[in-house]
Structure formats: structure tokens, C-alpha cells
Amino acid sequence: MTLSLRASFLALPLLALCAGPAPAQTAANLTAEQAQALRTACSADVKKLCGDVQPGGGRVVQCMQGKKEQATPPCQAALSALSKK
């Protein structure tokens, strides 16, 4: 598998993180900065905690919200910031 193709597959769960609705905010309302902050803060956590979740429909966000206590502090902060908006 080429590097760019592999990177695309790895990016899918991260895109789904921003594509599904968050509890207080939908992806349509996310700014580019918020989406990037989530990808940056939560990429390792998504792979570790929710890697088996089918992306789409907000499932990855829901999974991450449910496992927020297990996430790293930066990811917890990014998820909390979404919930407050």
C-alpha cells in the first residue's frame, strides 16, 4: 500500500470525528480551527479507544465522549470545548 493511500485510510476515523454530531454542536458548525484541534488532540486516542468504531453518523464522537475519561488531557479538553459550544 502506498504511503498516501495508507495515510488516507488512517485519516478516515479522524475525519469521522469531525463529521458526526457532537452533543452540543454539529460538524457543520465546526470551524476549521476546531476540526483541526480535534484531529491534533485526539488522533492517537481515536485509534486507541475507538479504532473499532465504524466512522460516520457521529459514532466516533459518541465513542470518544463515552471514553473521555480514558483519553489524554489534550483530547479531553478538545472534547469538553465542543460540548460547551
With side-chain contact (heavy atoms from CB on, under 4.5 Å) as the test, pick out the partner of K67 among D45, L49, V46.
L49
Looking only at non-hydrogen atoms, find the nearest pair between C42 and L79 and report the distance.
SG-CG, 4.4 Å
Do the side chain of R59 and the main chain of Q54 share a donor and acceptor less than 3.5 angstrom apart?
yes
What is the distance from atom SG of C75 to atom NZ of K68, rounded to the nearest 0.5 Å?
9.5 Å
Distance-only, no hydrogens or angles: does the Q76 side chain make a donor-acceptor pair with backbone N or O of E69 under 3.5 Å?
yes
Working to the nearest 0.5 Å, report the span between CG of D52 and SG of C63.
7.0 Å
Heavy atoms only: give me the nearest A78-A41 pair and the separation to one decimal.
CB-CB, 4.0 Å
Over all heavy atoms of both residues, which pair between P55 and V60 is shortest? Give the atoms and the distance, please.
CA-CG2, 4.0 Å
